[in-house]
Amino acid sequence: MDTLFESFHPFFFIIAIGLTIMASYTALDMFILIKSSGQNKRLLFLGAAFSMGIGIWVTNFMGVIATDAILFANYHVSLTILSILIGISFSGMAFMPFYGRIVRFYHLMIGSFFLALAVIAIHIIGIYAMNVSIQYNVVLFIFSSVLIFASFLFALWILFSSAITKENLPWLKPASALIISGTIAEGHILLKKAMVIVTANHEVTGTVTESPFFLYLVLIVSVLIMGGLIASSTLISKQLATSDTSLKDIKAALDASAIVAITDRNGVILDINDKFEEISKYKKEEIIGKTHRMLNSGYHSKEFFENLWSMISSGKIWRGEIRNKAKDGSFYWVDTTIVPFLNKKGKPVQYIAIRSDITQRKKAEEGLIESIKEVKDITFALNQSSIVAITDEKGKITSVNEKFCDISGYHEEELLGEDHRILNSGYHSKEFFKELWRTIGQGDVWYGEICNRAKDGSNYWVDTTIVPFLNSNGKPYQYLSIRTDITERKRTEEVLHRQDKLAAVGQLAAGVAHEIRNPLTSMRGYAEFLQLDEKDPERQEFLNIILDEIERVNTIVEDFMVLAKPKAVELEEKNVVPVIKNVVSLLEFEARKKNVRLHFDCSQEIIQIECDENRLKQVFLNFIKNGIEAMPNGGDLFVKTTVLEKNVQISIQDSGVGIPKDKLNKLGEPFFTTKKRGNGLGLMMSFKIIESHNGKVFVESELNKGTTFNILLPAKTA
């Protein structure tokens, strides 16, 4: 077999090696820049693939020229262009596995395979472009391919292996570029050694200098390579300029909006910005070289700063609020972020502190805390002394305090969502509440006294102030009701009112008692005179009744005198059953005239109590007569006596017209009556008599269904 290449020109091969090193370094630089760049990733990738592909091709091309340049007289340009495109394509595929964040060993193997494939493909296509037939030594060809693959794998491993790159050594990229360039040159030489010429299809004549094609081709290759390098350098410079511009913009933004200081690892201040000077009142030359201890306000504890230094010394970012002291002695607050800058060993070499002035916010927070405390104190005082409720604009209860629940008897969950109608006692008229709502509805404060009803049915009085809360349009959006329990005061007023009336009645009684007793004395004398000569038993009984009634009237007059000048009641132990029967019998005739049927029910014949018989009889007469008069159309009146534990209950129940609820509470007051011609003194005296017997009177009534007077007296125990 003939040898194709008979001469060697080292000048061309040296040029090829130099261009390949430049192309490899540029390709690696571009690809590494992809990982840190946020822009132009595609353009950088294409540039890296182009540079590496040209670097592989130029070694093969210039290597052949260096061996025998005269063969290029019949060189196929189309195959040359094809080999360049194939080299660029395989180089791009070789770099694809390294595009991710994590590079594994199989990524290195894939990349090495495609780079080796690019070297072999460019070599074979370049040989065929010279229009010759060749054969390869298979063993040497396989050995050469494996060696090329292994060399590429080693070059990529030292560049992308995490075990090495984490040290961020500056020589890695140049070393890798040299190894890749050497691998490409090695591949060209080894593949040439494995190749044997079979035939040359054309005779070629001439020299390198005589071939214009050769010169133009070399010129084009050089321009392409240099253009690629210049383009890559331009892209890198542009990227760096963009990064510098971004850094300047970020620094300008920080200086305009934040307080910035840079310190060394010991906390000594290296640099500050204008805002630091402005807020601290120190000049830059006064503070550089010092530590932040000169700003210490004494507000924070030693543990606070120890924790701060412990965190940033370990490489962690610290965030918090610090109160500092300015040069003029004033205090200011800063929201602070301290970021440590770490060396290759992960140790801080300096710190940057970025602060924002929050003095006004802290003052506002302090004022807010004081206001909240004041509101809490006021709320506590209100809750301790007043009954408080908050309602929405429609009167629905949204909040109540404990005193509200205590006095009303309702639990909080029973009241929320309800309105105050749940407490309506029926004492006040509709007009009363209409006037209340009219006042607060127009934004005015309402003052007044309200009688409410508790959950257990009892009534209680509250002195009430309702304050409307107004929105921006002057319309109420909620109401605050502050109440004070005045139930005892109202009871006292009621007692005083009754006493005033009793005093008036007593004065009246004192004035007329003498005039009443005179005719009573005459009536008694004439009745007793007639009784002496009367032989008819029936008329004798009538005269006895007249005398008894005169005596009762006299007793009533004495009771009137008691109102003016009270006297002690003399109680004797009596059987109350005959007393009641006697009164029922006495009124039997009057009841029949009004079509009223009297019924007396008692399960026991003897019920002993301590009483003043005449006065108690007066009470029974008043209550039964009232019941008869309450049934103008007739009906049934029931008198029932029962023993309940230690008390005797005498119930007098009619089926008459009944008494309205708003008048029940006034029964027993002097001069208050439900009768057209009454004066209220009868019930007043009756209630007074029962009270003097240590008893109570309970009245139950329902309109058009009747009234029941329940008299409760203590029973005499055996």
Side-chain angles (χ1 to χ4, degrees), residues 456-458 541 544-545 548-549 551-552 555 569-631 633-659 664 667-668 682-683 685-718:
D456 61 5
S458 62
E541 184 180 354
N544 287 334
I545 292 173
D548 289 341
E549 289 302 302
E551 183 61 29
R552 193 169 69 85
T555 303
V569 179
E570 297 179 0
L571 303 180
E572 297 180 3
E573 187 174 334
K574 295 281 184 179
N575 182 4
V576 75
V577 177
V579 176
I580 300 172
K581 286 182 177 180
N582 187 6
V583 174
V584 172
S585 301
L586 188 62
L587 294 175
E588 189 77 42
F589 178 73
E590 184 177 349
R592 282 201 301 267
K593 287 194 301 181
K594 294 186 177 181
N595 200 26
V596 174
R597 294 171 293 279
L598 296 180
H599 306 275
F600 177 68
D601 179 18
C602 182
S603 59
Q604 297 176 247
E605 290 295 328
I606 300 174
I607 301 175
Q608 296 292 113
I609 64 171
E610 288 188 346
C611 65
D612 185 327
E613 183 178 344
N614 290 329
R615 290 190 175 187
L616 203 56
K617 192 182 293 185
Q618 179 184 343
V619 172
F620 297 150
L621 280 168
N622 279 334
F623 287 170
I624 295 173
K625 284 179 69 175
N626 285 342
I628 293 171
E629 292 173 0
M631 296 182 288
N633 299 322
D636 293 287
L637 190 144
F638 298 91
V639 180
K640 184 177 181 180
T641 304
T642 55
V643 178
L644 302 173
E645 295 182 355
K646 296 181 180 181
N647 295 306
V648 179
Q649 179 173 309
I650 300 125
S651 300
I652 301 169
Q653 180 181 4
D654 64 59
S655 55
V657 295
I659 303 172
L664 278 176
L667 291 178
L683 282 179
M685 291 302 304
S686 298
F687 281 34
K688 194 74 175 175
I689 291 168
I690 296 300
E691 287 178 7
S692 67
H693 284 69
N694 300 316
K696 294 181 181 179
V697 179
F698 301 97
V699 184
E700 300 174 357
S701 184
E702 191 172 351
L703 285 176
N704 301 319
K705 291 188 177 180
T707 303
T708 302
F709 281 82
N710 295 304
I711 303 169
L712 204 63
L713 295 169
K716 184 67 177 178
T717 56

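For this chain, numbers begin at 1 and follow the sequence in order.
With sequence neighbours excluded, no residue forms a side chain to side chain donor-acceptor pair (under 3.5 Å) with Thr642. With sequence neighbours left out, Arg597 forms a salt bridge (charged side-chain N to carboxylate O under 4.0 Å, His left out) with Asp636. Under the side-chain contact (heavy atoms from CB on, under 4.5 Å) criterion, Ala591 pairs with Val596, Leu598, Ile628, sequence neighbours left out. Scanning for ring-ring contact (aromatic ring centres under 6.0 Å, His included) contacts around Phe620 gives an empty result, with sequence neighbours left out. Residues satisfying the side chain to side chain donor-acceptor pair (under 3.5 Å) test with Asp456, not counting sequence neighbours, are Ser458. Listed by chain and number, the residues in a side-chain contact (heavy atoms from CB on, under 4.5 Å) with Asn694 are Pro714 (sequence neighbours excluded). Contacts of Val577 classified as side-chain contact (heavy atoms from CB on, under 4.5 Å), with partners at least two apart in sequence or in another chain: Asn575, Lys581, Phe600, Cys602, Ile607. Glu700 meets the side chain to side chain donor-acceptor pair (under 3.5 Å) test with no other residue; sequence neighbours excluded. The side-chain contact (heavy atoms from CB on, under 4.5 Å) test applied to Asn704 returns no partner, not counting sequence neighbours. The salt bridge (charged side-chain N to carboxylate O under 4.0 Å, His left out) check on Lys705 picks up Glu702, with sequence neighbours excluded.
At a threshold of 4.5 Å between non-hydrogen side-chain atoms, the residues Asp548 and Leu586 do not count as touching. The side-chain heavy atoms of Val619 and Val697, taken from C-beta on, include no pair separated by under 4.5 Å.
In this structure a side-chain-to-backbone donor-acceptor pair under 3.5 Å is present from Asn626 to Asn622. Not one N or O on the side chain of Asn710 forms a donor-acceptor pair closer than 3.5 Å with the backbone of Ser651.
Shortest non-hydrogen contact noted between Asp654 and Gly627 is OD2-CA, 3.6 Å. Between Ile624 and Leu637, the shortest heavy-atom distance links the atoms O-CD1, 3.8 Å. Taking all atoms of both residues into account, the shortest heavy-atom contact from Gly635 to Ser655 is CA-OG, 4.2 Å. When all heavy atoms of Ala715 and Ile609 are compared, the pair lying nearest together is CA-CG2, 4.2 Å. When all heavy atoms are compared, the tightest approach of Ser701 to Thr707 is OG-OG1, 2.9 Å. In plain terms, the two heavy atoms of Lys696 and Ile690 that are nearest each other are N-CG2, 3.5 Å.
Atom CD of Glu605 is surrounded by 12 or fewer heavy atoms from other residues, nucleotides or ligands within 6.0 Å. Atom CG of Leu644 has more than 12 heavy atoms from other residues, nucleotides or ligands within 6.0 Å.
Within the structure, no pair that satisfies the ring pair (Phe, Tyr, Trp, His ring centres under 6.0 Å) test touches residues 574-594, not counting sequence neighbours. Pairs engaging residues 585-595 under the side chain to side chain donor-acceptor pair (under 3.5 Å) rule: none recorded [sequence neighbours left out].
Put simply, the residue from Val576, Asn582, Val583 that forms a side chain to side chain contact (heavy atoms under 4.5 Å, CB included) with Ile580 is Val576. Remark: of the listed residues His693, Gln618, Lys574, Lys617, His693 is the sole one forming a side chain to side chain contact (heavy atoms under 4.5 Å, CB included) with Asp612.
Ring orientation note: the planes of His599 and Phe638 are close to parallel, at an angle under 30° on the 30°/60° scale.
With rounding to the nearest 0.5 Å, the separation of CD1 in Ile711 from CZ in Phe623 is 5.0 Å. Taking OG of Ser686 as the reference point, atom CG of Leu621 lies at 9.0 Å (rounded to 0.5 Å).
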